[in-house]
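These notes concern the structure reproduced below.
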There are 2 protein chains.
Amino acid sequence: MNDLATELKALADPVRLSILEFLLDPVQTCCASDEGVCACDFETILGLSQPTVSHHMKLLVQAGFVRARKRGRWVYYDLNREAFGALQKVLSRFASLPVLERG
Amino acid sequence: MNDLATELKALADPVRLSILEFLLDPVQTCCASDEGVCACDFETILGLSQPTVSHHMKLLVQAGFVRARKRGRWVYYDLNREAFGALQKVLSRFASLPVLERG
DNA sequence: CAAACTCATTGACATATTTATATCTGTCTA
DNA sequence: TAGACAGATATAAATATGTCAATGAGTTTG
């Protein structure tokens, strides 16, 4: 299937958008660290079961929008901002405004 | 449901991405006019039935990415570039690069 | 007005997606 | 090493989505 469609599908879900919003501005949670937000925190934040959270995180990581780092028993997540920049650039073909280039 | 998720969902489909690609750079087709691309042309371009095309166009129009104009029996479509610009701006919150502002 | 034409809607069906329960894997610690 | 713990995977159910055949609605034209 189209690669771009897969990426967009990863974003096109209210739960996953909530996850991204939280990663954008994480409030202090029980397992938080400077590594990122712990997987277990999303269960309480989203009110969803552990496997459901795991499923959504997997999609976001596979699409490249989120990075996962395993530390012992825990997995910490944070945003991969470059992926969003790349998507913006793809969309710029359709938009009237170009994306600002660095440098 | 989340409004942004609905918009992204409208983009997150290979067929609809093909439609947008074609609207970005329309080659001459049987019913084309300066009004845009005729609905009937997409059937041959996409190899899909007329109701299926109608369904996809409806989603794209509802999400705001495409404009539809009825002229007699025909409906002509074209891109709504402002909608893509708005989406870029939403994504800029997550991206490392901001969207270039006009003016 | 009737027939033809373009597109929209309805109904049906197959596939995909979201979610949870149960279970498995890997890691830590007592 | 045994038990507890964090997260992944398998399975299953409910819902959503993509597709087409049939039909409906509005427009043009003979």
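Every chain is numbered from 1, with letters handed out A, B, ... down the list of sequences.
Across all strands shown, B/Y77 has heavy atoms under 4.0 Å from sugar-phosphate atoms exclusively, and none from any base. Within the nucleic acid shown, A/V53 has no heavy atom closer than 4.0 Å to any nucleic acid atom. Across all strands shown, B/R16 has heavy atoms under 4.0 Å from sugar-phosphate atoms exclusively, and none from any base. Residue contacts for B/H56: at a heavy-atom cut-off of 4.0 Å it reaches the sugar-phosphate backbone alone, with no base atom in range.
Considering only side-chain N and O atoms, B/T52 lies nowhere under 4.0 angstrom from the phosphate OP1 or OP2 of D/dT19. Residue A/K70 places no side-chain N or O under 4.0 Å from the OP1 or OP2 atom of C/dT27. Look at A/K58 and you'll find a side-chain N or O under 4.0 angstrom from OP1 or OP2 of D/dT9. Contact between the side-chain N/O atoms of A/K9 and the OP1/OP2 oxygens of C/dT17 is found at a separation under 4.0 Å. An OP1 or OP2 oxygen of C/dT19 is reached within less than 4.0 angstrom by no side-chain nitrogen or oxygen of A/S49.
Proximity of B/L20 to B/F84: side-chain heavy atoms (C-beta onward) are separated by under 4.5 Å at one or more points. Taking 4.5 Å as the limit, some side-chain heavy atom of B/I19 sits within range of a side-chain heavy atom of B/M57.
Atom CG in B/L48 sits about 15 Å away from atom C1' in D/dA21, given to the nearest Å. Counting to the nearest Å, the C1' atom of C/dT18 and the CE atom of A/M57 are 16 Å from each other. Atom CG in B/L59 sits roughly 11 Å away from atom P in D/dT19 (whole-Å rounding). Rounded to whole angstrom, the span from the CD1 atom of B/I19 across to the C1' atom of D/dG18 amounts to 12 Å. In this structure, CH2 of A/W74 is placed 8 Å from P of C/dC28, rounded to the nearest angstrom.
Distances were taken from every side-chain heavy atom of A/S54 (C-beta onward) to each of C/dT18, D/dA8, D/dG7; the shortest belongs to D/dA8. Among C/dT6, C/dT9, C/dT19, the nucleotide with an atom closest to any side-chain atom of B/R73 is C/dT6. In this structure, of C/dT19, C/dA22, D/dG18, it is C/dT19 that holds the atom nearest to the side chain of A/H55. Distances were taken from every side-chain heavy atom of A/D13 (C-beta onward) to each of D/dT9, C/dT18, D/dT19; the shortest belongs to C/dT18.
Remark: A/R69 CZ to A/D78 CG distance equals 4.5 Å, nearest 0.5 Å.
With hydrogens and angles ignored, no donor-acceptor pair under 3.5 angstrom links the side chain of A/Q50 to the base of D/dA6.
Comparing the axis of the opening five pairs of the helix from C/dC1-D/dG30 to C/dA30-D/dT1 with that of the closing five pairs yields an angle of 10°, rounded to 10°.
In terms of heavy atoms, A/L60 sits closest to A/A10 at CD2-O, 3.8 Å.
Within the structure, ring-ring contact (aromatic ring centres under 6.0 Å, His included) contacts touching residues 33-56 of chain B (residues at least two apart or in different chains) are B/F22-B/F42.
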